[in-house]
Q: 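Have a look at the structure that comes next, please.
These values consider heavy atoms only, across backbone and side chains, with no hydrogens, waters or symmetry-generated copies. The sequence lines fix the lettering, A, B, ..., with proteins before strands; numbering per chain opens at 1. The structure displayed is predicted, hence computed values, not measured ones.
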There are 2 protein chains.
Amino acid sequence: MKDINDMPGHLVRRLQQIAVAVFHAQVESAGFDLTPVQYAALVRVRTHPGIDQATLAGLIAYDRTTIAGVVDRLVQKGFLTREVSGTDRRARVLRMTETGEAALNRIAPAVETAQKLMLSGLDEVEVAEFMRLLRKATDAANDFSRAPLREVSSDPANAK
Amino acid sequence: MKDINDMPGHLVRRLQQIAVAVFHAQVESAGFDLTPVQYAALVRVRTHPGIDQATLAGLIAYDRTTIAGVVDRLVQKGFLTREVSGTDRRARVLRMTETGEAALNRIAPAVETAQKLMLSGLDEVEVAEFMRLLRKATDAANDFSRAPLREVSSDPANAK
DNA sequence: TGCTGATCATCAGTATACTGATTAACTACC
DNA sequence: GGTAGTTAATCAGTATACTGATGATCAGCA
């Protein structure tokens, strides 16, 4: 490993930065101001209405501390509501608003475009192989992260 | 694209987080406290003594603003020196100290281990293919980022 | 019931990353 | 030689991400 540019960690950082830049550009031209992380959180709350913050963090592999700020901004934008749970007063229950639902629908095409753009250097076969390897690598190293992916077993949306 | 977990942007973010976590763990057990970004900057200053901050940023695809803080911390740790250039008084010239050189040598094995660990889910052939695709994708989308990779043409270290 | 350990959310602190603006200094061109 | 455009660095502001700590609450168990 003679060079920084031959290190997977460095290349992954660069691709992630590219992904964020492309995402921002696409979403902005669709007339919205939403970050990739905020988008992921919104999508997950839609598929899991009433989810608490800790479970949400596990489902999209965030750090628990980070999620608080993300949710703050989504609530401030009027895309989410946050209320104290009726069954567990420690937990905050999250739900999408109609505004959030509408925004998500309008943003979806921009997000699709962004995913294609960030891999525009690869052909169709290469994209599929890249995705397979990405999934395999992240799955295997999941627990190395402080914010590992944690699926909810008692969750119908989780059934393959 | 039904799910967040099928989006390249999301998976790349996760792998990057894993990479950072593994890097920290390895470097820490080697007795140092250095981030991936700080490591990359150190390595580049070693191969390009007397480089200015803006050129350094281009060589490792950082944002120019970000580099200031990174260099600050490296100077504070005693790994780099920063001085006003003699030929261009706007520029700050960076050089490694002996302390920095020694640290880099001691850290190198930990960084190698971290690179292997983050891709421990892939076999040898898959790692090679993953690296090839990563390089191809980042090269093609380089200019989408605000902090694109900019190689220095008049640079002997750049000759292939 | 009361205790212990675990969990949810938050806070303080640090380190990337980015946008947009400003200041100082350099370069090119008239 | 002066001016316009460019460039290096920095600053203010915002948004991830992480570590480690704390307070409130819950669940299990003697």
Q: Would you name the heavy atoms of A:M131 and B:M7 that are closest together and state the gap between them?
A: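 Smallest interatomic distance, heavy atoms only, reads CE-C, 4.1 Å.
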
Q: Let me spell it out: for each of A:T87 and A:T66, pick the nucleotide of DNA chain D with the closest heavy atom. Which residue's pick is nearer the 5' end?
A: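 First, find each residue's nearest nucleotide; the 5'-ward one identifies A:T66.
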
Q: In chain order, what residues pass the side-chain contact (heavy atoms from CB on, under 4.5 Å) check against A:R64, with sequence neighbours excluded?
A: A:A54, A:A57

Q: Does the side chain of A:Q38 get closer than 4.0 angstrom to OP1 or OP2 of D:dT16 through an N or O atom?
A: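 Answer is yes, contact under 4.0 Å.
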
Q: Starting at the 5' end of DNA chain C and moving along, which residue's nearest nucleotide shows up first, A:E28 or A:A54?
A: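 Counting from the 5' end, the first nearest nucleotide belongs to A:A54.
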
Q: More 5' along DNA chain C: B:G86 or B:Y62, using each one's nearest nucleotide?
A: B:Y62

Q: Looking only at side-chain N and O atoms, does B:R92 come under 4.0 Å of OP1 or OP2 in D:dT10?
A: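 True: B:R92 side-chain N/O within range (under 4.0 Å) of D:dT10 OP1/OP2.
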
Q: What is the separation between atom CG on A:L56 and atom P on C:dC8, rounded to the nearest whole Å?
A: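 Answer to the nearest Å: 12 Å.
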
Q: Taking A:R90 first and then A:D52, would you say they form a salt bridge - that is, a charged N and a carboxylate O separated by under 4.0 Å?
A: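 The answer is no: the pair does not qualify as a salt bridge.
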
Q: For the pair made of CD in B:Q76 and P in C:dA15, what is the distance, rounded to whole Å?
A: 8 Å

Q: It should be established whether B:R82 places a side-chain nitrogen or oxygen under 4.0 Å from OP1 or OP2 of nucleotide D:dT10.
A: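 Answer is yes, contact under 4.0 Å.
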
Q: Do B:R92 and B:E83 meet the salt-bridge criterion of a basic N to acidic O distance under 4.0 Å?
A: no

Q: Respond yes when some side-chain nitrogen or oxygen of B:Q17 is under 4.0 Å from OP1 or OP2 of D:dC18, and no when none is.
A: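 Checking B:Q17 against D:dC18: at least one side-chain N or O falls below 4.0 Å of OP1 or OP2.
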
Q: Look at atom CD of B:E101 and say whether more than 12 heavy atoms of other residues, nucleotides or ligands are closer to it than 6.0 Å.
A: yes

Q: Does A:R13 put a side-chain nitrogen or oxygen below 4.0 Å from OP1 or OP2 of C:dT16?
A: no

Q: Please write out the pairs of protein N or O atoms and N or O atoms of nucleotides 21-25 of chain D separated by less than 3.5 Å, giving the distance to one decimal.
A:
residue, atom, partner, partner atom, Å
D:dT25, O2, A:R90, NH1, 3.2

Q: Are any of the side-chain nitrogens in A:E126 or B:K136 under 4.0 Å away from the carboxylate oxygens of its partner?
A: yes

Q: Rounded to whole Å, please give me the gap between CD in A:Q53 and P in C:dC11.
A: 11 Å

Q: Under 4.0 Å, counting only non-hydrogen atoms across every strand here, what does A:V20 touch: a base, just sugar-phosphate, or nothing?
A: nothing

Q: Measure from CD1 on B:I51 to P on D:dA8 and round the result to the nearest Å.
A: 11 Å

Q: A:V37 or B:D72: which one's nearest nucleotide on DNA chain D is closer to the 5' end?
A: B:D72

Q: Only one of A:D72, A:L42, A:T99, A:T97 forms a side chain to side chain contact (heavy atoms under 4.5 Å, CB included) with A:L80, so which one is it?
A: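 One option only clears the test, and that one is A:L42.
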
Q: What is the separation between atom OH on A:Y39 and atom C1' on D:dA15, rounded to the nearest whole Å?
A: 19 Å

Q: Does a nitrogen or oxygen in the side chain of B:T35 sit under 4.0 Å from OP1 or OP2 of C:dT16?
A: yes

Q: Using whole Å, report how far NZ of A:K77 lies from P of D:dA15.
A: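 Going from A:K77 (NZ) to D:dA15 (P), I get 7 Å.
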
